[in-house]
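Just below is one structure, and these are the notes that go with it.
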Number of protein chains: 2
Amino acid sequence: MTPSNKVGLRGGDQVSELTASRLSVYLRCLNALDLADVKTVSSRTLAEQFHLNAAQIRKDLAYFGEFGVRGVGYYVKDLKRHLRVILGLDRGVRVAVVGAGNLGLALADYPGFHREGFEIAALFDVERGKVGRKSRGGVRIVDMTEFRKVIKRENIDIVVLAVPAAAAQDVVNVAVAAGIRALLNFAPGTLKVPRGVKLKNVDLTVSLESLSFFLARGESDEGQD
Amino acid sequence: MTPSNKVGLRGGDQVSELTASRLSVYLRCLNALDLADVKTVSSRTLAEQFHLNAAQIRKDLAYFGEFGVRGVGYYVKDLKRHLRVILGLDRGVRVAVVGAGNLGLALADYPGFHREGFEIAALFDVERGKVGRKSRGGVRIVDMTEFRKVIKRENIDIVVLAVPAAAAQDVVNVAVAAGIRALLNFAPGTLKVPRGVKLKNVDLTVSLESLSFFLARGESDEGQD
DNA sequence: TTTTGTGAACTAGTTCACAGCT
DNA sequence: AGCTGTGAACTAGTTCACAAAA
């Protein structure tokens, strides 16, 4: 961790999940703009990129400070820097993946993670045959018995679960006991976490089924997400 | 009751994305209950499984008919069957994955899909070296030039995108032109689809970043999803 | 002028609470 | 008694619309 840049949230208000996700989307867009050497951007322009309302963007940002300049918009580099701090990306976030099956290996090597300041620092599995081998991208597979030790040593911030549903709760418990406070879960089903721990679920079956639902209903004027 | 498969949506009302996802979650739970030979279940019991409100479950279901019995609850087998029809799972849904990289291969072999009535009927890639080979699970990789033809021949319902961000919009366009009306996208960034086509995004970077955000904020009484 | 930041108005989603069925 | 189905009340999230700043 860094000396502590207290993210200047004005008012101790709870920030919603949806705002958090959008901040991440804004950052991606700013990266693209910065790369294209664009200097400033207005909430309107930003909103047009993804189908979003300009006021929403301004509100999301205004939660954390006044980053814009009236009549001008937002300075791309400046806002980008702020967002990286707000999202906690300034001090590289350290990630461990549990489960070295197809999905776990794919996640460990996923290029999008490494790019944005995440570091896949460990990959775990219980299977003897897998331990000691490496993912294509070169992440070494470690025995699950080493979990606690490695989590501590490597200062892991986030644990990604790519294990079978039946094993998921056990892994959560071990991770939480090891001091992990944020998990991204790809296993289907509902997991319990104690207060103070953040669990985010990505449920592939649910995603596909809800698409199937809309097909079945013939919802003919549905767009995004 | 159920001779008719017309999903009896009462009132032509738009059903929300959130309701759709929850239906899928309910179905999973019912499958487990059925397997455990439980005959009936109340909205209360169902709600306790995942942290949800009983009235919400009743409302979600009531959208589609009166499936419950007052004083008793819902008959597990019966509700399960109804949900499968509502979600369009009764006639096996046919899925194609585009992109035979790590993620695409993992998705093509994902056991959770096959289990719930989805059929991975095709896997596409542009890379010469990959075409003709098979995923570990045995799904053959087909050249992207064959896309349209195979989509038609195999009666594909849903296309899953596991291609680099730069290629994603092109694939969407081709898929839409081939008559696809539902897509599940794993590529980062915003894609455009015409009206009448449903696009669902699973953005791994956004998921991780929003976890990082909550870590950075030290949100200490956050629980689920 | 342009564009932000923000209260006020609105819309969507959730929970309550209870009548009515079994 | 127990539990559903549902209007009414509430909460969260979004959009509008405008004063204030550059």
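Every chain is numbered from 1, with letters handed out A, B, ... down the list of sequences.
Computed from coordinates, the A:F64 CZ to C:dT4 P distance equals 18 Å when rounded to whole Å. Atom C1' of nucleotide C:dT4 and atom CZ of A:F67 are separated by 13 Å, given to the nearest angstrom. Nucleotide D:dG5 holds its P atom 16 Å from the CZ atom of B:R44, rounded to whole Å. A straight line from OH of A:Y63 to P of C:dT4 spans 19 Å, rounded to a whole angstrom. To the nearest angstrom, P of D:dA22 lies 10 Å from CD of A:E66.
For A:R22, the side-chain contact (heavy atoms from CB on, under 4.5 Å) partners two or more places apart in sequence, or in a different chain, are A:L18, A:T19, A:Y26, A:L52, A:Q56, A:D60. Evaluation of the side-chain contact (heavy atoms from CB on, under 4.5 Å) rule for A:A55 yields A:N53, A:R58 as partners, not counting sequence neighbours. Taking A:V174 as the reference, A:F147 meet the side-chain contact (heavy atoms from CB on, under 4.5 Å) condition, with sequence neighbours excluded. In terms of the ring-ring contact (aromatic ring centres under 6.0 Å, His included) criterion, A:Y75 has no residue partners (sequence neighbours excluded). Contacts of A:N102 classified as side-chain contact (heavy atoms from CB on, under 4.5 Å), with partners at least two apart in sequence or in another chain: B:A106, B:D109, B:R136.
Neither OP1 nor OP2 of C:dT3 sits under 4.0 Å from any side-chain N or O of A:S43. When the side-chain nitrogen and oxygen atoms of B:Y74 are compared with OP1 and OP2 of D:dG2, none of them lie within a distance under 4.0 Å.
With no hydrogens or angles considered, a side-chain donor-acceptor pair links A:T45 and A:S42 at under 3.5 Å.
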### Task
Do nucleotides 13-22 of chain C as a string where each nucleotide becomes B, S or -: B if the base has a protein heavy atom under 4.0 Å, S if just the sugar-phosphate does, - if no protein is that close.
SSBBB--BBS

